[in-house]
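Below is a structure I'd like to ask you about.
Only this structure's heavy atoms are used, side chains among them; waters, hydrogens and symmetry mates stay out. Please read all numbers here as calculations on a predicted model, not as lab measurements. Note on naming: letters A, B, ... go to the chains in the order of the sequence lines (proteins, then strands), and numbering restarts at 1 for each one.
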Amino acid sequence: MAEQSVSIYRSMKDLPSTHLLGTGTPMCAGCGGLEALNQLYDIIGEKSVFVNAAGCMTLLSVYPFTPFRGSWLYTAMASAPAGAQGVRDALDILIQKKRMNPDDDMQVVVLTGDGSAYGMGLSATSAAMERELNFLYICYDNEGYGNTGQQFSAATPHGAKTATSTGSAGYPGYKKDLFAIWAAHKPAYVATIVGAEPVDLARKIEKAMSMKGPRMLIALSPCPTGWDFDPKETVAIGKLAVKTGVWPLKEYVDGQVQHTKVPRERRPVEDYLELQGRYRHLFEPEKNVRLISEIQKRVDDYWSNVED
Amino acid sequence: MTRSLLTGNGAAAWGARLALSDYVPAFPITPQTEIIEKISRWTERGEMDARMVTMESEHSMITAAASAAASGIRVFSATSSQGLLYGMEMLYTVSGWRAPFVLVNVSRGLASPITLEPDHNDIMAARDCGFLQIHCATCQEVLDSTLMAYRLAEDQSIRLPVIVNMDGFYLSFTREPVEIPQAEKAADFVGEYDPQNIRFRASSPVSQAVAVLGGAPYSYFRYESHIAAQNGIAVYDQLRVEFAETFGRDYPAIESYCCEDADIVIVMLGSFATKAQVAVDQLRKTGVKVGLLRPRLLRPFPAALFRELLSGKSGVAVVDQNISMGLGGVLHTELAGALYGQADAPRQLLSFIGGLGGRDITLEEFFEIVSVTQNAVAQQKTPPPRLLYTEQEMREMRKLQAAASVERNELNNSGAETNG
Ligand SMILES: Cc1ncc(C[n+]2csc(CCOP(=O)(O)OP(=O)(O)O)c2C)c(N)n1
Ligand code: SF4
């Protein structure tokens with residue numbers, strides 16, 4: 001595609017080799033959300049203010065430490081987009097009234113988990129898009145209320161075990177299609193990303209940074225603690241999410257949805273599921289073929305509707 | 001000196017305009033809506049150099065207001081009742097950001113049952129949130145208090161948001177002659193907004209509202225806000241003098257009416273206190289030594305001033321326009337806390353609850369309140385808190401209940417017939 005050919009990120013070697021985000025945060029080892037944030041922050045840069053909702057990432061900035069070179073504002077679980085509205089409007093007013101040097105302007109970035117993005121904060125997010133707020137939204141999607149111990153959220157996939165879906169069938173509901181919900185608002189940009197695909201991620205944040213208006217990113221965030229896997233598997237699981245087709249990488253621009261990485265020969269979903277403790281009940285004590293096929297079928301159905 | 005006929009809502013909007021507010025996040029709710037409608041007309045026509053944004057809830061509205069204040073601009077917002085409670089999480093949250101702004105609350109009773117008419121349960125629910133509170137009894141006071149509120153909020157030693165409270169309908173929709181201060185004079189009084197170190201700039205990054213680990217840093221920041229709120233007493237007193245010198249209207253932290261030689265004192269908040277004032281006038285004519293105290297400043301709580309003003313009085317009747325279920329009147333307990341153990345404290349402190357959901361408090365009821373208080377003093381025995389309600393009201397209520405049960409029976413009977 002034309003716009004992708006102008007990207008400065010064509011391969012891994014084009015990505016920044018040193019990171020802007022400080023180390024030593026209290027996030028769990030192997031946190032897929034932090035992995036994505038680390039890469040995003042390199043490109044967003046320090047001229048930014050992160051407006052955060054309650055969740056794991058809230059503990060990034062604990063008095064008196066922060067890994068951010070730029071600014072930070074913690075709000076509450078439901079209203080980070082409203083916080084972004086206040087900050088963005090204030091900066092615009094200050095520039096317009098010549099009370100602030102335009103060089104002091106910043107990228108306003110909302111950072112929330114899926115619990116906030118898919119649920120409690122959805123009304124505030126919808127309204128921010130309606131008002132065409134000029135902001136970036138990063139949802140790190142660990143598919144549950146991570147900070148409170150991984151209870152299921154509206155982002156939890158069908159069949160997954162969480163602290164509040166411990167039966168043999170796992171979570172009975174289905175993961176909400178936030179990408180479609182966001183895209184229905186016709187914002188400037190919506191994309192799905194995952195830290196395990198850094199070039200795709202870099203191109204998307206680069207594109208988002210070149211635009212104005214609501215720019216919305218959902219980062220699938222493999223979560224060793226909540227999904228129950230060895231922290232060293234974070235990247236592998238992220239890659240498998242893409243290769244099995246469970247996590248489609250796509251973007252929405254100008255009314256069009258494009259898949260940015262179509263897995264030609266999709267690996268069976270089992271490969272992705274069996275690495276994670278939250279799906280162990282699908283394999284032990286005996287294999288739950290019906291549920292695994294159901295999950296496979298939903299993935300197949302999705303891709304059968306995707307035009308090449 | 002020109003006076004215009006303004007509603008309380010209109011006066012609040014003028015306060016926001018004259019204080020040169022930069023930003024007004026809003027959300028409609030009766031009886032506050034007129035404030036934001038007026039401001040939106042002004043901003044659309046360029047008569048007020050502010051940006052208004054309609055949020056999707058009060059929770060978001062208060063978040064946006066405080067976030068903008070934390071970015072370094074002057075902010076105004078307004079709400080009422082259910083809206084104030086919908087935003088309650090953020091009231092508590094943002095006061096700790098130490099980013100000053102002004103919020104007008106138009107008091108209205110809370111559901112259930114749902115009503116549009118005024119009482120103070122909404123604002124009392126916000127009493128511990130960290131916002132300072134100024135309570136008004138006239139439309140002029142609403143305008144003037146809004147200007148004073150910015151000074152209070154932005155004071156170096158305070159840096160907390162302030163709520164200016166007025167009663168729905170009685171003030172919000174009632175037109176009174178109001179002197180609208182000259183724009184330059186008001187701007188001079190309020191001064192330019194100085195965000196100090198609370199602002200976002202690319203060249204000087206800050207982390208605001210960060211988490212803490214452990215009770216010690218948590219307590220530290222909570223105590224700091226409390227101490228800042230308490231500084232409000234001294235700051236308010238200076239401000240009041242400056243305001244009086246500039247505009248010729250004096251607003252003490254507690255307005256005292258006929259108290260100096262009074263034996264019995266009524267204590268009340270807000271516009272209903274003007275009803276009590278009429279009762280005081282009448283009783284004075286018959287020789288009863290009664291007075292009235294109306295706190296304007298509720299947070300910080302002017303405890304020392306209350307002690308001073310009530311020292312040596314024989315009886316105090318607190319009329320609460322709110323009800324804490326299972327306890328009674330909130331102001332009554334606050335006053336009891338302030339007076340307990342003081343050598344010259346009034347021996348009798350009585351509690352009355354009235355004016356809920358806009359229910360009137362009549363002159364006769366005030367007479368009764370005073371007489372019950374006199375009796376308590378004479379007998380040195382405090383009666384239990386009294387819920388004001390007349391026999392007439394009870395009869396009307398019984399009629400409504402009877403009508404309701406007739407309706408219910410008819411429905412049931414017709415249902416039985418069709419089923420049968
Ligand atoms: C109003 C409110 N309700 C509940 C909570 C408790 N809480 C804190 S974090 C959290 C989970 C947030 O989940 P998510 O947005 O997915 O972020 P994660 O914890 O996974 O990082 C919850 C429920 C809260 N902080 N505020
Ligand atoms: S619980 Fe999951 S999302 Fe939260 S910090 Fe740990 S790994 Fe990251």
**Report entry** chain A contact via B:E89 - which portion, at a heavy-atom distance below 4.5 Å
**Finding:** side chain
**Report entry** Where A:R99 and B:I73 come nearest, the two heavy atoms and their spacing
**Finding:** NH2-CG2, 4.0 Å
**Report entry** Side chain / backbone / both / neither for A:V87 at chain B, heavy atoms under 4.5 Å
**Finding:** both
Report summary line: CD of B:E58 to OG of A:S79, rounded to nearest 0.5 Å, is 12.5 Å
Query raised in the report: If you count the non-hydrogen atoms of other residues, nucleotides and ligands that lie under 6.0 Å from OH in B:Y92, is the total more than 12?
Result: yes
Query raised in the report: Is it the backbone or the side chain of B:S203 that comes under 4.5 Å from a heavy atom of chain A, or both, or neither?
Result: both
Query - Structural part of A:D103 lying under 4.5 Å from a heavy atom of chain B - result: backbone
Query raised in the report: Which atoms form the tightest heavy-atom contact between A:A82 and B:M55, and what is the distance?
Result: CB-CE, 3.7 Å
Requested in this report: Assess whether atom NZ of A:K47 is packed by more than 12 heavy atoms of other residues, nucleotides or ligands within 6.0 Å.
Outcome: yes
Report task. Go through A:N101 and B:R201 one step at a time and tell me if the side-chain contact (heavy atoms from CB on, under 4.5 Å) criterion holds. Result -> CA-CA 9 Å; A:N101 185 337; B:R201 300 287 182 274; over 6 Å; no
**Report entry** Atom of B:P205, atom of A:S71 and distance for their closest heavy-atom approach
**Finding:** CA-OG, 3.3 Å
Report task. Taking all non-hydrogen atoms of both residues into account, name the closest pair between A:D89 and B:V53 and its distance. Result -> OD2-CG1, 3.8 Å
**Report entry** Engaged part of B:V75 at the chain A interface, taking heavy atoms whose separation is under 4.5 Å
**Finding:** neither
Requested in this report: Locate the shortest heavy-atom distance separating B:F200 from A:M100; write the atom from each residue and the value.
Outcome: O-SD, 4.4 Å
Query - Pairwise distance OH(A:Y63) to OH(B:Y218) - rounded to 0.5 angstrom - result: 16.0 Å
Report summary line: Rounded to the nearest 0.5 Å, the CE atom of A:M77 sits from the OG1 atom of B:T93 at a distance of 13.5 Å
**Report entry** Test side-chain contact (heavy atoms from CB on, under 4.5 Å) applied to B:R51 and A:D92, step by step
**Finding:** CA-CA 10 Å; B:R51 183 175 302 190; A:D92 288 344; 3.7 Å; yes
Report task. Mark yes or no for whether A:K97, through its side chain, and B:D22, through its backbone, hold a donor-acceptor pair below 3.5 Å. Result -> no
**Report entry** Distance in Å, A:T125 OG1 paired with B:E56 CD, rounded so as to fall on 0.5 Å steps
**Finding:** 8.5 Å
**Report entry** Which portion of A:L73 sits near chain B, non-hydrogen atoms under 4.5 angstrom
**Finding:** both
Report summary line: Distance col, row B:S67:OG vs A:R88:CZ, nearest 0.5 angstrom, shows 13.0 Å
Query raised in the report: Using non-hydrogen atoms only, which part of A:Q107 is less than 4.5 Å away from chain B: side chain, backbone, both, or neither?
Result: neither
Query - Atom OH of B:Y220 with >12 non-hydrogen neighbours under 6.0 angstrom - result: no
Query raised in the report: Measuring from A:Q85:CD to B:T63:OG1, what's the distance to the nearest 0.5 Å?
Result: 11.5 Å
Report summary line: Applying a strict 4.5 Å limit to non-hydrogen atoms, the region of B:M90 in contact with chain A is side chain
Query - Over 12 foreign heavy atoms within 6.0 Å of CD, B:E224 - result: yes
Query raised in the report: What part of A:T66 lies closer than 4.5 angstrom to a heavy atom of chain B: side chain, backbone, both or neither?
Result: side chain
